[in-house]
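Contents: one structure, followed by commentary.
The first residue in the sequence is number 1, and the count goes up from there. Values below: every heavy atom of this structure, side chains too, minus hydrogens, waters and symmetry copies.
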Amino acid sequence: MIARAVSVFAFALSICAACGGQDAPSGLDEPMRVQSGQFISGELPGSPPGTAGTSGPDDLRVTSIVYSNRIVLPGQAGKKLSGRASNRASAVGLRLADLGSGYWVVPIGAPDPQFPGELTWEADTDFALAASAFAGFHALRVVAIDAAGVAGEQNEVNMCLASREPDNLNACNPNTPPPDVVVSLFWDAAVDLDLRAVLPGGISVDPKHPLSDPTADGGAQSPDVAFITRDSLAGCVDDGLRQEDLVWQKRPTGTVDLYVQLANACGRPSTNFTYVVFEAEGDVPNRHLVEHFRVSGRIVNPLSDNESNVPPLYVASYSF
């Protein structure tokens with residue numbers, strides 16, 4: 001197995017060395033990254049799926065692709081993919097068929113005692129938060145590569161990139177309607193910024209008080225309750241999202257006043273932020289969240305300490 005791994009990575013490096021003397025790409029900007037994998041620019045090698053017997057060697061195949069859940073959450077890290085390949089394989093290559101600029105190569109693993117003549121493979125994958133901009137189903141293609149760099153027929157499975165907005169996973173199941181309204185707050189620095197809103201009727205919500213009616217049956221699942229989905233960067237622990245969302249499953253009536261609260265500057269002087277209001281349009285299965293309003297600004301910490309007691313900053317009002 002060591003010889004197989006060394007040969008395939010030598011093959012990968014030989015491709016990069018032929019790129020006109022340019023630096024080998026790191027793949028850090030790819031929508032999907034493979035931990036401990038070798039990134040190579042360009043299309044995934046091998047013949048397209050479903051061409052067995054018409055092109056490529058018949059004895060060089062990825063025979064199975066295993067994953068626990070086809071849904072990929074925004075910014076999800078450590079999603080494990082595994083499977084088997086024919087005995088001729090020294091490595092497998094992976095990429096999203098329609099996203100990214102290249103593919104990843106990982107060495108083949110040990111023989112699978114339950115499937116004589118087949119070898120195991122696995123890859124721990126990270127998905128960039130930006131990939132959620134392409135929410136919906138995408139083909140993940142995997143191909144076996146031998147020690148000489150020859151690739152076989154590609155195998156594929158469909159995976160769904162979930163939307164960054166809390167849409168009830170509507171992007172992955174159009175028969176599940178999204179919430180009627182989502183208000184999202186995004187920011188660009190690692191500070192503890194809080195979404196604060198005064199709802200129609202005068203009730204205030206924020207991440208420390210996330211439900212418009214804590215006594216309602218069903219809590220956040222009640223269609224008449226507005227709720228905040230998370231407390232992003234609470235205690236200055238960076239969750240990678242820098243996003244908080246206010247959700248109504250049922251469209252409200254009236255005006256909501258939007259504020260931002262600098263809960264903790266986390267050692268940084270300021271941050272830029274953006275509020276976006278989404279409303280659902282269309283009928284199931286063609287009902288989706290559509291952006292209706294956007295406003296941006298900047299909040300500055302005028303104090304020397306991180307625990308800011310600055311009053312919340314009024315940003316805008318939006319009427320339903």
Give me the atom names and distance for the closest heavy-atom approach of [X] to [Y].
X      : Y      : answer
Glu244 : Pro207 : OE1-CG, 3.2 Å
Asp224 : Ser212 : O-OG, 4.3 Å
Asn158 : Tyr67  : O-OH, 3.5 Å
Val191 : Ser270 : CG1-O, 4.4 Å
Ala190 : Asp238 : CB-OD2, 3.9 Å
Pro48  : Gln154 : CA-OE1, 4.1 Å

Quick one: do [X] and [Y] end up in the same hydrophobic cluster if we chain Ile, Leu, Val, Met, Phe, Trp and Tyr together by side-chain heavy atoms under 4.5 Å apart?
X      : Y      : value
Val295 : Phe320 : yes
Leu169 : Val72  : no
Leu241 : Phe134 : no
Val198 : Trp248 : no
Val181 : Val290 : no

Any [X] side-chain heavy atom under 4.5 Å of [Y] side chain:
X      : Y      : result
Leu246 : Leu195 : yes
Leu81  : Leu94  : yes
Lys80  : Ser68  : no
Tyr275 : Arg294 : no
Leu73  : Phe127 : no
Glu118 : Ser86  : no
Val256 : Val277 : no
Asn301 : Pro269 : no

Check whether more than 12 heavy atoms from other residues, nucleotides or ligands sit under 6.0 Å from atom [atom1] of [X], and answer yes or no.
X      : atom1 : result
His292 : NE2   : yes
Tyr314 : OH    : yes
Lys250 : NZ    : no
Arg298 : CZ    : yes
Asp98  : CG    : yes

Check the pair Glu279 / Tyr318 against side chain to side chain donor-acceptor pair (under 3.5 Å), numbers first and verdict last. CA-CA 12 Å; Glu279 295 195 46; Tyr318 185 85; 2.6 Å; yes

Could you list who else is in Phe227's hydrophobic cluster, with ILVMFWY side chains joined at under 4.5 Å, directly or through other members? Val182, Phe186, Leu211, Val225, Val247, Val276, Phe278, Leu289

Using side-chain contact (heavy atoms from CB on, under 4.5 Å) as the criterion, point out the one residue from Glu156, Met159, Met32 that pairs with Leu96. Met32

Hey, which of Leu313, Asn264, Leu233, Thr271 is the one that makes side-chain contact (heavy atoms from CB on, under 4.5 Å) with Leu193? Thr271

Are side-chain N/O atoms of Asn168 and Thr176 paired as donor and acceptor at under 3.5 Å? no

Please round to the nearest 0.5 Å and tell me the distance separating atom OG of Ser232 and atom CG of Asp239. 3.5 Å

If you measure from CG on Leu140 to SG on Cys160, what distance do you get to the nearest 0.5 Å? 13.0 Å

Cation-pi geometry met for Arg196 and Tyr259 (6.0 Å, 45°): no

Sort and list the pairs that fulfil salt bridge (charged side-chain N to carboxylate O under 4.0 Å, His left out) and have at least one residue in residues 169-184, not counting sequence neighbours. Asp180-Arg287

Lys/Arg N to Asp/Glu carboxylate O, Asp126 vs Lys79, below 4.0 Å: no

Please walk me through it: do Ser222 and Asp213 pass side chain to side chain donor-acceptor pair (under 3.5 Å)? CA-CA 10 Å; Ser222 172; Asp213 184 359; over 6 Å; no

For the pair Thr63 (side chain) and Arg84 (backbone), establish whether a donor and an acceptor sit closer than 3.5 Å, ignoring hydrogens and angles. yes

So, the side chain of Arg95 versus the backbone of Gly42: is there a donor-acceptor pair under 3.5 Å, distance only? yes

Residues that Asn155 engages under side-chain hydrogen bond (donor to acceptor under 3.5 Å, both in side chains), provided they are two or more places apart: none

When you look at Asp188 and Arg242, which way does the salt bridge (Lys or Arg N to Asp or Glu O under 4.0 Å) test go after all the steps? CA-CA 7 Å; Asp188 64 0; Arg242 303 177 190 180; over 6 Å; no

